[in-house]
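Working notes for the structure below.
We're numbering straight along the sequence, starting at 1. Predicted model, so just to flag it, every value in this text is computed and none were measured. Just so you know, ligand 1 is whichever comes first in the structure, and atom 1 is the first atom listed for that ligand.
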Amino acid sequence: MQLVSLKYFRFESLLQKDGWLSPAYVGVDESGLITYLSSQPPAQVIAVESVLGLALPGFQNAHSHAFQYAMAGLAENHPAGTSDDFWTWREAMYQCALSVNPDQAEAIATILYAEMLRHGYTHVAEFHYLHHDKDGKPYSNLAEMGTRMISAAKTAGIKITLVPVFYQKGSFGLDPQPRQKRFISKTVDDYFKLFEASKQVLKNYNNASLGFSVHSLRAVDLTDIKTTFNQGPKDLPFHLHVAEQKKEVADCLAYCGKRPMQWLLENLDVNERFNLVHSTHLDDSELTTLAKSGATVVLCPSTEGNLGDGIFRMREYVKLRGRWCIGTDSHIGLNPMEEFRMIDYRQRLVSNQRNTFEGDAAAYLVNEEIESGRKAMGFKSKNHFEVGQPFDAFIYNSTTHLLADTSDKNRLSTVVFTSDSSRIMGTIVDGRWIVKDQHHARGHFIKTAFSKALRELKNR
Ligand SMILES: [Zn+2]
């Protein structure tokens, strides 16, 4: 098929896997696919938008619980003499989960997704387990809440992989607690009914796709985890939380005699379709086998830090050529550059060495996030930008003082290690600016709906 360019951009530089293309002319067609990519201007030009910016590929946010954004920053007051950890935070999270209705959930997700776009994420995997109404009864459309997530993504203009989650138990061998009632599918069949209903919703939005999931080993019967994966679709990404908390590892060991990652690696054919969120507490053997499996570890550094989870064994994992990408999970932080810095700095702090990675750390971080992040969404690519692929990018101002006179060699590390969001010019999805100069095209509408939801919730 002949690709017809609708318009052209000219950027000062554009980032590919092997470095910068400077300058970069990008042609896009009506549907936002790249039709032309070169350092030379096209022979026949319809219109060129010249941008004094650096084009980076849009990032993938591979782990989101959208409703938790409504409580971001609300769990940071710790009275003297009390103990606060993940499990007390989880109680606050349940209160939030129990209170939101579909309209409110959609309004929260919409502004969250708009904020993700503003920070450079162009695709989100919504790890979605808030399925039922406030009494725990299924909505007449089983996928009502998933429908709202897709509608939120469409309004905000972000691409979404909806990951409907199977959540069944209170913990290992325990019935669910009343405050988990909105999450529960009792059986594998119930879960697949929900999954099929979620599939129907995809037709509402061209940029929606599907994954499937069990929440964690503590939330689904171990036999049912095997059944779900084995009976599930063979061509979609599979997501689950693993080994986030030491208590979870101890409980799993007490319940079945295996650590969570150990059980997973021994009982399922863990391969590149697996996206294992957190994977914080691993022993040597788990780390080695996991790295060999081709699975992607989804790191959520801001949330893991905020919750006091622990530190993933990144330095060793990367030496073993393990694959990973990032997610913002509870959304306490939404800046991908901060996530990269935390990944690197938490290793430096525990090792007393600066070189977590060999070679160009920024190039490694960005390249790995893009390749494995896209895989976590169910997509593959050879390069960051390719003719025939959608033009999704976020653009840094190339005229700011540190970047203006920085060489090709040091440009990306200057962006990754020094920049804040004020240097971002905007975000392009499918060849169109969605956010420009910090302003989202539908920002006023989105903020008004969010304010209404918060006034109703009265939780802030
Ligand atoms: Zn999570």
Flag Cys300 as yes if one of its N/O/S atoms falls below 2.8 Å of the Zn ion (ligand 1), otherwise no. no
Hey, are Lys159 and Asp430 close enough for a salt bridge, meaning a charged N less than 4.0 Å from a carboxylate O? yes
To the nearest 10 degrees, how large is the angle at the Zn ion (ligand 1) between His63 NE2 and His241 NE2? 90°
The Zn ion (ligand 1) contact by His65, N, O or S atom under 2.8 Å: yes
Can you spot which of Thr427, Val416, Leu412 makes a side-chain contact (heavy atoms from CB on, under 4.5 Å) with Leu56? Leu412
Applying the ring pair (Phe, Tyr, Trp, His ring centres under 6.0 Å) test to Tyr317, which of Phe357, Trp324, Phe312 qualifies? Phe312
Could you check whether any side-chain heavy atom of Ser421 comes within less than 4.5 Å of a side-chain heavy atom of Arg118, counting everything from C-beta outward? yes
